[in-house]
Amino acid sequence: MNERLQKKLRDLPTAPGVYFHKDKQGHIIYIGKAAVLRNRVRQYFQKSRQRDPKTDILIAEIADTDWITVDSELDALFLEAEMVRRYMPRYNILLRDDKSSLYVRITYDSDHPTVSFTRRPLDDHARYFGPYFNGWEVKRALRSLRRVFPYSTHMGIIPKRVCLQYHLGLCPGLEEDKTSLSDYRANLRQLIAYIQGNRQKVLAKIEKDMQRAAERQQFEQAAQLRDQYYSLKALSKQIIFSDKEFLDISKDRGLQGLTELLGLDHVPHRIEGYDISHMQGSDTVASMVVFTNGIPDKAAYRKFKMRIPGNNDFAHMNEVIRRRLRHQKQWGLPDLFLIDGGKGQLTAAIAARDAAGVQRPMIGLAKREEEIVVHMSQSDVLVADSALQMQNALSHDNSDFRLILLPKSSDIVKLLQRVRDESHRFAVSYHTVLKTKRQTASQLDTIPGIGPATRRKLLKSFGSTRGIKQATGAELAAVIGIKKAKAISHEFHQLGGHSGQ
């Protein structure tokens, strides 16, 4: 820890707020919230605390810390979400792994506006706020805000009478016109402003409205505004999250468990996953995905169009590893190779690795039972059976392989599944692109006078070959001219298409 950071840690305030960890280049690498900034931020540097590998990696990169103080935990919760959206720090991605973020949905423009929660924003003219990474905290915060800004939660059929929530002061009572729609929307504007971080402006407006109502001798309204004002001020004492989360940046211990299971010298900071995708032996491709410190590093992904023809997963896995290892200088080497498949795919990959003279651990993940497959040539890096039993693993030898079956709830299995599924997704997406291009080319390439530039124009304008087929001659002519449009119309007419003048 440098002297500048040590001094900042001494100067940390005891107020709630949001902190920003930065690396040597001054880039924000993690943003968090705190009920007490002094306690929360200092916890990162307490050597006595047990931490997972991802947190150790984060702490090793911290060269500076800044913070913003706020009035309450509630403010810190909403400000953290805004700052994460703004700066997208790479370590905050850990909070989103395998989860859907929560959004606050407000149907402000409807005849009966409601406030609800969703994990999938839609194009339905509602107003969405988020994403928030801890749904429990956000729901608790909105319950507190509802006491200050009552809102309706009635979805679908609207009741004819006011609900119990109205009598508790939590619902505006639109059903019986207890509150006018204009007043209710004004109330929602205050709630939205608060969610967006404008707490002081909201307080100032309520105070101004209260004074104006008193001057006009509208004492009942002034009393309501007074109660709202003090309720909002009291939120500064509301405990929403406290500092109970400590250093729980990673919700799993997959990397640490994998290190112990395989007896590796260090945490596998870079894991590369490989998969093959094809359709009955055509358009065969391979994918290489990279996870750095447990996080997908999409800039390092690579895709390969297979040169060996036919349907042979073993040969193709050998080919992709051979071709990948030709780029050791440019891409470096992983700490661990993960092969999608069982003994056959792993054997082919190991053969390519050994032929290149590379010494890096390589394991497979068999889909059927999610068994971790390890070749016995690597048995010296496996932990003892007693340690495996501590992991609740079943381990047995199968010829030259050791098959390790961990519970599917294991953090290790979840980590490996994440890498494997991402490699599968990336391979399938590339295969689909090639297949689509081939199908498009097979129909358009045979038309005289239609070259690559014209095909690009057509696909850009009509989206697909199907769209080109369904276009009229006039629509085609507007894009590529009458002569070429006639050629395409004639060709697709011969093929059973529907283009016409």
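Source: prediction; values computed, not measured.
Here D64 pairs with R4, K8 under the salt bridge (charged side-chain N to carboxylate O under 4.0 Å, His left out) rule; sequence neighbours left out. Checked against side-chain contact (heavy atoms from CB on, under 4.5 Å), A15 has the following partners two or more places apart in sequence or in another chain: T69. Partners of D23 under the salt bridge (charged side-chain N to carboxylate O under 4.0 Å, His left out) rule, at least two apart in sequence or in another chain, do not exist in this structure. Residues satisfying the ring-ring contact (aromatic ring centres under 6.0 Å, His included) criterion with Y301, sequence neighbours excluded, are F426. Annotation: side-chain contact (heavy atoms from CB on, under 4.5 Å) contacts of A186 (sequence neighbours excluded): R189.
At least one side-chain heavy atom of I106 sits less than 4.5 Å from a side-chain heavy atom of F129. Using a 4.5 Å heavy-atom cutoff, the side chains of F462 and K469 are not in contact. Under the 4.5 Å side-chain criterion, counting only non-hydrogen atoms from C-beta, M83 is in contact with F20. Between R226 and I206, every side-chain heavy-atom pair lies at or beyond the 4.5 Å cut-off. At least one side-chain heavy atom of Y151 sits under 4.5 Å from a side-chain heavy atom of L142. Looking at I62 and F45, their side chains come closer than 4.5 Å, going by heavy atoms from C-beta outward. In this structure, M362 and L336 have side chains that are not in contact, with every pair of non-hydrogen atoms separated by 4.5 Å or more. The shortest distance between side-chain heavy atoms of H424 and S277 does not fall below 4.5 Å.
To the nearest 0.5 Å, atom CG of residue L12 and atom NZ of residue K7 are 11.0 Å apart. Rounding to the nearest 0.5 angstrom, the gap separating the CZ atom in R140 from the CG atom in L145 is 12.5 Å. Going from atom CD1 of I404 over to atom CD1 of I372 covers 5.5 Å, rounded to the nearest 0.5 Å. In this structure, CH2 on W67 lies 15.0 Å from CZ on R40, to the nearest 0.5 angstrom. Distance check: R161 CZ to Y166 OH gives 14.5 Å after rounding to the nearest 0.5 Å. Annotation: the span from T153 atom OG1 to M155 atom CE amounts to 9.0 Å, rounded to 0.5 Å.
Judged by distance alone, the side chain of Q470 and the main-chain N or O of G467 form no donor-acceptor pair under 3.5 Å.
Considering all non-hydrogen atoms of both residues, P150 and N187 come closest at O-ND2, 2.9 Å. For G364 against L338, the heavy-atom pair with the smallest separation is C-CD1, 4.2 Å. The two residues V41 and L9 come nearest to each other via the heavy atoms CG1-CD2, 3.8 Å.
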Stepwise side chain to side chain contact (heavy atoms under 4.5 Å, CB included) check, L102 with T118: CA-CA 6 Å; L102 193 72; T118 183; over 6 Å; no
Dump the intermediate steps for side chain to side chain contact (heavy atoms under 4.5 Å, CB included) on L188 and V115, then the final yes or no. CA-CA 9 Å; L188 286 180; V115 178; 4.0 Å; yes
Can you list the steps and then say if I412 with L258 is a side chain to side chain contact (heavy atoms under 4.5 Å, CB included)? CA-CA 6 Å; I412 299 172; L258 192 59; 3.7 Å; yes
Under the criterion side chain to side chain contact (heavy atoms under 4.5 Å, CB included), I'd like the reasoning laid out for D313 against Q345: C-alpha separation, chi angles, the key distance, then a yes or no. CA-CA 7 Å; D313 281 357; Q345 287 87 348; 4.2 Å; yes
Name the atoms and distances for all side-chain donor-acceptor pairs under 3.5 Å in residues 167-185, with sequence neighbours left out.
from, atom 1, to, atom 2, distance (Å)
E175, OE2, H154, NE2, 3.3
E176, OE2, V162, N, 3.3
T179, OG1, P172, O, 2.7
S180, OG, S182, OG, 3.2
S180, OG, D183, N, 3.2
S180, OG, D183, OD2, 3.1
Y184, OH, P113, O, 2.8
Y184, OH, S152, N, 2.9
R185, NE, Y108, O, 3.1
R185, NH2, D109, O, 3.2
R185, NH2, S110, O, 2.8

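One finds no salt bridge joining D275 and R420 here, because no Lys/Arg side-chain nitrogen approaches an Asp/Glu carboxylate oxygen to under 4.0 Å. With salt bridges taken as basic N to acidic carboxylate O contacts below 4.0 Å, none links E215 and R212.
In summary, the aromatic rings of H21 and Y44 are positioned with their centroids under 6.0 Å apart.
Ring geometry, Y30 versus Y19: the interplanar angle falls from 30° to 60°, so the pair is classed tilted.
Just one residue in the list I339, V290, V289 forms a side chain to side chain contact (heavy atoms under 4.5 Å, CB included) with E272, and that residue is V290.
A 6.0 Å sphere centred on CG of D11 holds more than 12 heavy atoms belonging to other residues, nucleotides or ligands.
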